[in-house]
Structure formats: C-alpha cells, structure tokens
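Accompanying notes for the structure given below.
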There are 2 protein chains.
Amino acid sequence: MSSELTEPGTGPTGAAPTLSEVAKRAGVSSITVSRVVRMPDLVAPETRARVEQAMRDLGYIPNLVAGALASARTNSVGVLVPTIANSIFADTVQGLSDKLEPLGFSVILAQSRYDAAREDRMLAALLSRRPEAIIMVGSPATEDGSRLLRNARIPIVETWDLPANPIDAVAGFDNYKAGVAVAKHLVAQGRKQLAFIGGDDPRGTRRWFGFRDEALASGLAEPRRLILDRKDSGSVAAHARLPGVDAVFAANDAHAIGFMSGLRKAGVLRDGPASAQPVAVIGLGDLEMGQLISPTLSTISVHGDAIGRTAATLTLERGGERRIDLGFELVLRDSG
Amino acid sequence: MSSELTEPGTGPTGAAPTLSEVAKRAGVSSITVSRVVRMPDLVAPETRARVEQAMRDLGYIPNLVAGALASARTNSVGVLVPTIANSIFADTVQGLSDKLEPLGFSVILAQSRYDAAREDRMLAALLSRRPEAIIMVGSPATEDGSRLLRNARIPIVETWDLPANPIDAVAGFDNYKAGVAVAKHLVAQGRKQLAFIGGDDPRGTRRWFGFRDEALASGLAEPRRLILDRKDSGSVAAHARLPGVDAVFAANDAHAIGFMSGLRKAGVLRDGPASAQPVAVIGLGDLEMGQLISPTLSTISVHGDAIGRTAATLTLERGGERRIDLGFELVLRDSG
DNA sequence: TCGTCTAATGTTAGCGCTAACATTCAAGAA
DNA sequence: TTCTTGAATGTTAGCGCTAACATTAGACGA
C-alpha cells in the first residue's frame, strides 16, 4: 500500500511487468514468484508476503501464454458450435463454461455457421491454440475435420447426438428416437397426416428419419417434410404449404412457435387442450417461451446445459464411460 | 500424398510436429517454414511447394501459443458477458465473432453471471491470456476491475450502454432514453398507472430511471418497480402484484412475454390492437418470438449483433470515433 | 558427532516460435 | 568490370515462463 504510492509501476508505465521484475523487487528468484502464483504452499509465509506485495505494487498479471508454452498446458478448451445465437446451444456453452471457468480453464469459442469449410477452418484454428480438449456440437462434417481431431490426441467431446463411431467421448441424446417418440405420440392421438418442418442439418435429419420411419411403421402415409432455412421464421407461412396436415413435428421450438403463429392467423388454433387442436404441434428444445404462449407448446425437452456440463466433465476425466446418453423427455402441454 | 503413405508422422505418432521438424523434412531452415505459414509471398514457389508438402505429410498444425509469445501478438480477443444463455447477448457475441474469426482472431469467452467478484476474476483470467482487446457487456462493476482494464493498455470496448466515463471505446445505446421513450409513448396513449418489471442490473436500472423520470415529468404518479430475479419467469405472476396498473415496461422481452402470459391467464389480454389492451406491455430486445405471439409484442428494438460487429470494429481500428451510439427503436405492435 | 531428512530456495535449460539482422547470388546499372 | 539492388534464404537471440534438478541450512535421531 505504502510502496504503491511511492513507486512507479502501478500506473500504465510501459510494458506489462514480468515475473523477473517482480522477483527483483521482492529480492527472490523468479521461480519463487512462479511458486507463489501456482503453489503458494511451497513458499515460506514471509517470503510469500513479500512477493505478493511486489506483485500488487507492480500490478503483475501472470502471462499464461508464456506459462502455457513452458508447461505444455494451456488450461483452455476449444468449443465449436454451429451458432451461438440460438438459445439451445447457448445453454450448452453456459453449462460447460460454468463448469470449466472455476477450474481455471478458458473457453475458446468458434462458430461454424453450419458451413463445413468454415468448420474445418475453425477446428484448425482452435487446434493451433493447443486447447486441452475440444467440445463440439455434432460431429465433424468432413473427413478432414475428423482426421484433424483424431490426430490431436486430446479429449474430444461430440454433443447433441450419439454418433455411431465417435472420435472419443459423447454427451447427447438419440435424435432418431426423439423423432420416433413424437410420431408414436401423434399416432396414438389419432393423427393421420403428419409433417416435419426444420433444417436439414445432421441432427434435424436424424429426427426426421425417426419420425418418418415410425409413421410408416404405424401404417400412415409418409409424412411431408418441409426444409426451412435457418433464421427463416417463414415457419409462419409453412401451414399454407402443408394442406391437409393434422400434426406437425418442428425440429426446434422456434420453428414450432412460428408455425403456431401461422396457425393462429389461419384461425386453426384453439385455447383448449391438445385434443381440441385441429393441427397438433410438437417442438424440440423446451424453450421457456413454450410455456408462456397459448396454447402452451408440447415439446421434446432436452437439457442443453446438462449436455454442456457433462461434456465438460468428459474433458476432465479421461477414464470411465465415454458415451453419455442424457436422453430426452416428451413434455405434453396443449399444442399437441 | 505418396510420401504420406510411406512416412510415419501422419498418424498419431507421439507429440505434435514442430516447425523445425517440417523444416528438416523440407530441407530448409525453420524460418522459411514460418514464412510459408505467415508470408508465403516471400518464399519461392518451388520451396513453398516443398514445405507445404512436408507440412501435409507430417500433419503440421502451427503452435500459436509459441508464435504469440515470440511475436507478442496473440490474435485473440477477450469477451465478457453476464451470461451467454440469453439471446440478447448471444447475438452480440455472434456478431463480433463473425467479424473477428475471418481475420484470424479467436474469441475467449467468459461469463460474469452478474457477479462482481466473478467478473473481476474473469477479467484477470482474460488478461492473463494477453488478448489484444477486451469487449464486455456493460462496464466493470468494481474499481478494481476498471483499474485492471485501464492498465492493460489494449483496446477496451464497453457495450450495451453509453457510460459517462468509458475506459476506452463504447458501442451501445442510451438505456435511460429508452426508458423515457417508453414512458412517453404510454403517456401519449393515455395510460395512467405505469409499472416497470425487470432486474436491477446497471442497464435495467438506467432504463427504470428514464422511465420513472419521464412518468413523473408528465404528471403521473411514480411508477411501481418490481425487481424480478433473472431466470425468474415469475414475471408470469407479476400481474397479481401490480393491482391497478394499466401499462408495463419490461426490461426485456422475456419478462414481457412472461408477464403477458400472466395477463392471459387472468383474462386481461385482447387479440385486438394496443388500444384494446386493458394493460399495455412494452418489452426490450425485439426477440423474434415477440412477433410470433398474440398479441404481438411492442418493444424497444436493439440490434445486438450490430453492437457486436461495431465492438469488433472498434477493437481493430484504434483511430476514429470511439463512442458509437447504435440507438434503439420503439417498435409498436399490438401489446401496447 | 555424523549422517539423514526436510523445507525453502535457487540454477539451468528450453518450450516453439518470430524479429531483426545477416548472407548469398544473380541481374542490371554505371 | 565493378558496384548496386533485390529476391530468397539463413543465423542468432530471446519472448516469459516452468520442469527438473541442484543447493543450502537447520532439525533431528542414532
């Protein structure tokens, strides 16, 4: 405190102070300062106090870049998502980051924007920062991407799905079964004309297959499939393109809510329970919003944050089960 | 390709290959390999081809940790948000990351969870990775945090607000004026009993002040203020706690929609236009969802992704205007 | 008394890369 | 012919830190 007032170095005086400047000021060797930062128990209390004072005086902030190079540990994890502006993946990022940040790990975030080439570039960019693990939504879209990860020799966690041949670890759920569950439910409800709306990304497609297969197995006609652009809230207009349909599975809640909005405009939305709905709608994701609208949205609930937390755990523990099925839950409300 | 088959090193053969291993294989010095990676134009085409082949053979991935230490450039930006599982900030992160990733910058993401102590810890953690700039939502909550950033001698961008004494650059809008605009509109609509629901974070509070001051200046009684827990969709129940209120400004769209859901349950929500609503509701954020529900949500529209893009630009260009007001827009729909 | 042990601190070398400064050589200028 | 120039490549030193291995001194038992 006193020396803070008498000494330069507190304010913005040129370059950031280094370990050895702190060491000089405290009258110790740099390794001792390093120990104060990383293993304070190994340093005698008086020495430690002197070093800590010097660090405060100089406003020392350890340089983890140098530390990482020297120790071959970056304390960082690379995270690759299709997009972060999608609450469904944002929950996962929040979950894993809540788990990793207290442990001193930083999250390096990258977005593929559902673009295979960009995904490969981002994977390479992430790897060049030498993260200690990579967590990604889905699986690499290309063989190149796969090879990159396989050769990286660090824990890799694929999420939001249960790939047949995972690179390493998996935290997700069975998208095919989710589609099956929805179709089963709609069939049991007596629906006859099913349709699926959503993107054609790998996970959405897997949901579609499950949905279609189950519908066919139940003796229904093959459901219609409407591929919507992402960000396309054109799901509002989807109803017009699905004449005669009496049940819709939307690959995510946003599409489901948009579709319901279209139904409302068309006057085919009731305030009553599912049985009263001319067109049943089931979403996926269980956005909070789904409970707030009317009729409340039936949906496949998936715990995005649990996926994130589980993925984080899988990066930390190398032993044990590497394939965690977090499951899903069909939450029935009023929309279908 | 051919040598890929004949040589070890392609597969997971021990440690990651280094520059000098590539150099040895290509028969050049390591600096030449480094040049092939960073300034290929300086290298003769034949040499370059040889080096590129060697890199491919070995599966070389540059080590940016070492590169950063040597060059004092990390090509990374630290990003601090209260939470990422909130579409409003997720848009901003997406915007800035879309701008930065193509330029070779990585985003290091940290969450403060609206906790001042955690914010300070995360700021220190970010700075220890020596990012070339920091972008944060809001301003540091503590003097310590401020000092940390001020001493870092890198571009700092505060967003989502227009602080009076910014550390460096700013990309945001005037939260106070947003509150004023909403109050003005409600007053013009003839509303008498105003209320504000939302969190008590700095930006929410600024909105509240603008809202209150304008209401008072218009001769109305002081509006009620209901402070809601974040994640609290208890906004559903808020109506019961606001007897007699005929207009509500919700600090964000999620709260607004939750509140409207409560109104619906209470039977005080009409399908008609704003003038028909017993209780007007105005949100903030302009979530896509707001247009999909019924009645459609009136809101203060803020371009979260533009804030992100602008913030990114401010980290890259050191000259020019450092205080960008992106403004907001009162979007009137049916809810108020 | 001597060796042995432990706690506290120090010395050395090097992580993988790049900045800054050589060096080499061929082509053109004077 | 000799000098100059520029394109291509190399050499050297060091970024800030930590792993691994000393070293020192005091405590303690035999």
Side-chain angles (χ1 to χ4, degrees), chain A residues 14-52 54-55 58-76 104 125 127-132 152, chain B residues 9 14-52 54-55 58-76 104 125 127-132 152-153:
Chain A
T18 66
L19 252 200
S20 63
E21 293 177 51
V22 174
K24 193 174 300 169
R25 176 178 250 268
V28 298
S29 73
S30 11
I31 191 69
T32 299
V33 179
S34 176
R35 287 196 183 108
V36 169
V37 172
R38 297 177 303 131
M39 315 119 97
D41 292 350
L42 293 187
V43 180
E46 311 81 50
T47 315
R48 188 158 76 218
R50 211 148 23 94
V51 170
E52 281 165 348
M55 295 199 293
L58 296 174
Y60 174 69
I61 295 187
N63 185 331
L64 252 51
V65 176
L69 181 60
S71 69
R73 298 214 50 197
T74 55
N75 283 285
S76 65
L127 289 174
S128 67
R129 306 215 173 250
R130 298 295 189 266
E132 299 191 24
Chain B
T18 66
L19 252 200
S20 62
E21 292 177 53
V22 175
K24 191 173 300 170
R25 176 178 249 268
V28 297
S29 72
S30 16
I31 191 70
T32 299
V33 180
S34 174
R35 286 194 183 108
V36 169
V37 172
R38 296 176 303 130
M39 317 118 98
D41 291 351
L42 292 187
V43 179
E46 312 79 53
T47 314
R48 187 157 78 218
R50 213 153 17 101
V51 170
E52 280 164 350
M55 295 198 295
L58 296 174
Y60 175 68
I61 294 188
N63 184 331
L64 252 51
V65 176
L69 181 60
S71 68
R73 297 213 51 195
T74 55
N75 282 285
S76 66
L127 289 173
S128 67
R129 308 218 172 245
R130 297 296 188 266
E132 299 191 24
R153 316 188 73 50

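Each chain gets a letter, A, B and so on, in the order the sequences are listed, and its residues count up from 1.
For the helix from C:dT1-D:dA30 to C:dA30-D:dT1, the terminal axes (five pairs an end, C1' atoms, rotation from four pairs onto the next four) enclose an angle of 50°, given to 10 degrees.
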Name each donor-acceptor pair under 3.5 Å that joins a side chain in residues 39-50 of chain A to protein atoms two or more places apart or in another chain, with its distance.
from    : atom 1 : to      : atom 2 : distance (Å)
A:Arg48 : NH1    : A:Pro40 : O      : 2.7
A:Arg48 : NH1    : A:Val43 : O      : 3.4
A:Arg50 : NH1    : A:Ala26 : O      : 2.6

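When the C1' atom of C:dA8 is taken as reference, atom CZ of A:Arg48 falls 12 Å away, rounded to whole Å.
Between A:Thr18 and A:Tyr60, the shortest heavy-atom distance links the atoms C-CE1, 3.6 Å. Nearest heavy atoms, A:Val37 versus A:Pro62: CG1-CG, 4.1 Å. The two residues A:Ala125 and A:Ser128 have their closest heavy-atom pair at O-OG, 2.8 Å.
The residue A:Ala44 sits close only to the backbone: its heavy atoms come under 4.0 Å of sugar-phosphate atoms, none of a base. Residue-level contact check: A:Val65 touches neither bases nor backbone, having no heavy atom under 4.0 Å from any strand.
Of the possible donor and acceptor atoms, none in the side chain of B:Ser34 sits under 3.5 Å from a partner among the backbone N and O of B:Ser30.
Nearer the 5' end of DNA chain D, as judged by each residue's closest nucleotide, is the contact made by B:Thr47, out of B:Thr47 and B:Ala66.
Between B:Arg129 and B:Thr74, the closest side-chain pair of non-hydrogen atoms is not below 4.5 Å.
Expressed to the nearest 0.5 Å, how far CG of B:Leu64 lies from CG of A:Leu69 amounts to 12.0 Å. Between B:Leu127 atom CG and A:Ile61 atom CD1 the span is 4.5 Å, to the nearest 0.5 Å. From A:Leu58, atom CG reaches atom CD of A:Glu21 across 7.0 Å, with rounding to the nearest 0.5 Å.
Every pair passing salt bridge (Lys or Arg N to Asp or Glu O under 4.0 Å) that includes a residue from residues 67-76 of chain A is listed here, sequence neighbours excluded: A:Arg73-A:Glu132.
The footprint of chain A on DNA chain D, defined by a heavy-atom cutoff below 4.0 Å, extends from D:dG16 to D:dA19.
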Heteroatom pairs (N/O) under 3.5 angstrom, protein to nucleotides 23-25 of chain C:
none

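Heavy-atom distances under 4.0 Å link DNA chain C to A:Val28, A:Ser29, A:Ile31, A:Thr32, A:Arg35 of residues 26-38 of chain A, given in residue order.
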